Every structure is written in C-alpha cells, then in structure tokens.
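All values reported here derive from a predicted model rather than from experimental measurement.
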Amino acid sequence: MRKIILSTESGADLPADLAAAHNIQVVPMHVIMDGKDYLDGSLPVQDIYNYYDRTKKIPSTTSTNAHEYEEFFSKINKDHPDCMIVHIGYTSKASSSFQHAVIASEEFDNLILIDALNVTGGLTAIVMFAAQLLEKEPGIEPTSFVEKIEAIIPKSKLAFVPGSLDFLRAGGRVSNVAYLGGALLKLKPRIELIDGHLVSNKKYRGKMSSVSEKFIREYFNQYDINKEQLYLIYSIGLAEDIKNRVDEIATEHGFKNITWMQAGAMISTHSGPGGFGIAGIEA
C-alpha cells in the first residue's frame, strides 16, 4: 500500500515543529514588498509592520503558482517514491492557490486535492486532524481517509479579531468612512470563515484586553469545540497578559491541549499587529 504524505500551504500558519513532527510538507505562498517577491516564511513579520509604519501601505500577497506546485509535488515524489500525496489547501474562495494546484495536478496520478475552505488556524486544525488520523490508522485506504477529512471541514471553526483597522483600510477591506467611524468608536471587527469566505459579522468596542475575553467566551458559547485540541492564533504585538488570560479561560472550559500559533507573513499582511484568533473542530 502506498504511503500517504500530507501537504498544505504556508497560509495555514502550521507551526514548524508540528510540520516536522508529522512529516507535513508545506509549500510557500508569496509576499511582495518594495518590488521584491518573498516566499512566505522567509520574511520576518516585523519587516511588514516596519514597512507599513514607513509607507502607510501594506505589501501585496500572491498565491503559489502552478509551476511551483509541480516542483513541490515532484520533490515529494522524489523524497517518497511510490507515495500518495494528499494536499489540504487554503480556501479557494479567498485565493487562486487551490486552482493553481488543480492545474498542476494534471501532471500527477498519485495526488488528491482537498479544498479546506479555511485559512490559518482553521486550516491547521484540519491538517492536524488528518495527520493524527493517519498516525492512528496508518493502513487507512486513501478514499476513506479523504472522506473523513472532508467530513470535518464544515466543523472547523475559525474566528479572529484584528488588532486595529489600519491594515484592513490599507488593503482596501475597509472604506475610509468606516475606518474613521470605527477608529473613533474604538471598534474591532470579528471576522469568521463561513463557507470559505472571510465574513465580518460583529463588532466589539474597547481595548483588546476586554475584547479578547468577551470574544473567546462568545466563541465557546457559539461552538461546541472538541475539548481535545484548541488553536489560538496571535499576531506580533498581542500583549502577554492577554495571552495568559485567554489561556486561563480556555483551561477553565476544559481544553486539554492548547496550541498557540503565530500568524505568518501572508496572514499578518492583511490582519496587522496585535490580532487574536481562535480555531477548533466541533465535536
């Protein structure tokens, strides 16, 4: 039976230690800044924030292209002869990356693509579910494996609150009028992944210290997340005391494993510093 190798994109923000421990292959997306193309993961996130402070602009981001996918999948085949590749991709509703993977897949007969309809921690939750399932059932048939992954995709729930509206405005995701009103009232939007789309469905008022606590409690009330694993996402600039308080609340709610993830360059380009997110899979 062919060995199954998992892969995903850098937009999952999958921590490097988890990727290494579970042999998950990660293909980089792109961040373009000052006319230079950087592979996501090679550019320190702080450089993005420094760039914004200097120019009041944010870098642009681009997906992995079809040629890069061909090289990526070819290398996996070279490193793992006679394997079956299961690629769990960044939502097709917010990036062309998955479509480029589809184009590249025409060159391979041992490749299965899954659109996770999620990003960052929500995508990581799905990838890690797949990795743990594979380790529990190493002899699982690829068809059954894929069916089980696809079944939990709608159960992966990601929500986050950006640290400020500055980066959303710079990226054209908030109008100047909405920005001025939001800044005046100290509003912070709650953004969720719904059917693969980023949707702002609520606003909080106040400092992140109070917003984060209200946000996580509402998230736990809204979703019955499996207590075995919770993913907490932060962007550089989120205060340690906020992280500590969030940890306490998650522990109080009975979560056995809590994994903190730093938002990488791809995600941070759009969400800015000081943001906080939560992801998990419904029971």
Side-chain angles (χ1 to χ4, degrees), residues 1-32 36-44 61-92 94-150 152-153 156 259 261-262 264-267:
M1 179 178 293
R2 284 180 164 182
K3 180 180 181 180
I4 296 175
I5 300 295
L6 289 172
S7 65
T8 191
E9 282 104 354
S10 61
D13 291 331
L14 180 67
D17 58 338
L18 289 181
H22 299 277
N23 192 30
I24 301 165
Q25 309 301 304
V26 180
V27 63
M29 300 170 92
H30 297 260
V31 177
I32 301 171
K36 185 174 180 180
D37 189 330
Y38 296 88
L39 293 178
D40 187 14
S42 69
L43 177 67
T61 57
T62 60
S63 60
T64 308
N65 63 46
H67 176 67
E68 289 169 323
Y69 273 117
E70 285 184 25
E71 291 186 333
F72 176 66
F73 295 135
S74 293
K75 185 176 187 308
I76 293 175
N77 280 327
K78 181 179 178 181
D79 293 342
H80 305 276
D82 199 34
C83 72
M84 174 65 71
I85 304 169
V86 175
H87 180 75
I88 305 175
Y90 195 95
T91 176
S92 63
S95 169
S96 60
S97 192
F98 191 79
Q99 183 55 40
H100 292 160
V102 171
I103 294 170
S105 71
E106 296 174 2
E107 303 298 320
F108 303 90
D109 61 5
N110 65 325
L111 172 61
I112 299 172
L113 302 177
I114 299 174
D115 184 352
L117 297 175
N118 224 309
V119 303
T120 189
L123 177 50
T124 278
I126 295 167
V127 171
M128 288 306 301
F129 167 87
Q132 289 159 2
L133 174 60
L134 192 58
E135 286 159 13
K136 290 176 185 174
E137 302 180 43
I140 191 171
E141 290 290 337
T143 301
S144 176
F145 183 54
V146 170
E147 286 175 353
K148 290 183 178 182
I149 296 170
E150 291 178 337
I152 63 98
I153 286 175
S156 181
T259 301
M261 304 166 49
Q262 181 186 315
M266 180 76 180
I267 301 298

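- At least one side-chain heavy atom of I114 sits under 4.5 Å from a side-chain heavy atom of V146.
- The distance from the CG atom of N23 to the CD1 atom of I5 is 5.0 Å, given to the nearest 0.5 Å.
- Considering every non-hydrogen atom in both S92 and L117, the closest pair reads OG-CD2, 4.4 Å.
- In this structure, CD1 in I32 is found 8.0 Å from OG1 in T61, a value given to the nearest 0.5 Å.
- Contacts of D79 classified as salt bridge (charged side-chain N to carboxylate O under 4.0 Å, His left out), with partners at least two apart in sequence or in another chain: K75.
- Every residue two or more places apart in sequence or in another chain that forms a side-chain contact (heavy atoms from CB on, under 4.5 Å) with S74 is listed here: F108.
- Between V31 and A265, the shortest heavy-atom distance links the atoms CG2-CB, 3.9 Å.
- The minimum heavy-atom distance between V127 and L6, with the atom names listed, is O-CD1, 4.2 Å.
- In this structure, the side chain of S10 engages the main chain of M29 through a donor-acceptor pair within 3.5 Å.
- Atom NE2 of H100 is separated from atom OG of S105 by 12.5 Å, given to the nearest 0.5 angstrom.
- Taking 4.5 Å as the limit, some side-chain heavy atom of F73 sits within range of a side-chain heavy atom of S7.
- Between H80 and the choices D82, I76, N77, the side chain to side chain contact (heavy atoms under 4.5 Å, CB included) rule is met once, by I76.
- With rounding to the nearest 0.5 Å, the separation of CD1 in I267 from CD in Q262 is 12.0 Å.
- Of the possible donor and acceptor atoms, one in the side chain of N118 sits under 3.5 Å from a partner among the backbone N and O of S156.
- Annotation: side chain of I85 is not in contact with side chain of F72 (no heavy-atom distance under 4.5 Å).
- Using a 4.5 Å heavy-atom threshold, the side chains of T259 and M128 count as separate.
- Atoms CD1 and CG, from I149 and L134 in turn, are 8.5 Å apart once rounded to the nearest 0.5 Å.
- Residues forming a side-chain contact (heavy atoms from CB on, under 4.5 Å) with Q99 (at least two apart in sequence, or on another chain): V102, I103.
- Nearest heavy atom pair, residue D40 against residue M266, reads OD2-CB, 3.1 Å.
- Between atom NZ of residue K78 and atom CD of residue E71 there is a gap of 12.0 Å, rounded to the nearest 0.5 Å.
- Residues K148 and L133 meet the side-chain proximity criterion, which asks for heavy atoms closer than 4.5 Å.
- Using modelled atom types, one side-chain atom of T64 and one backbone atom of P28 make a donor-acceptor pair closer than 3.5 Å.
- Heavy atoms only, all atoms of each residue included: D13 and G264 are closest at OD1-N, 2.9 Å.
- For the pair S97 and Y69, the minimum side-chain heavy-atom distance is below 4.5 Å.
- Side chains of H87 and Q25: a donor-acceptor N/O pair is absent below 3.5 angstrom, by distance only.
- Across all non-hydrogen atoms, the minimal contact from A131 to H22 is CB-CB, 4.0 Å.
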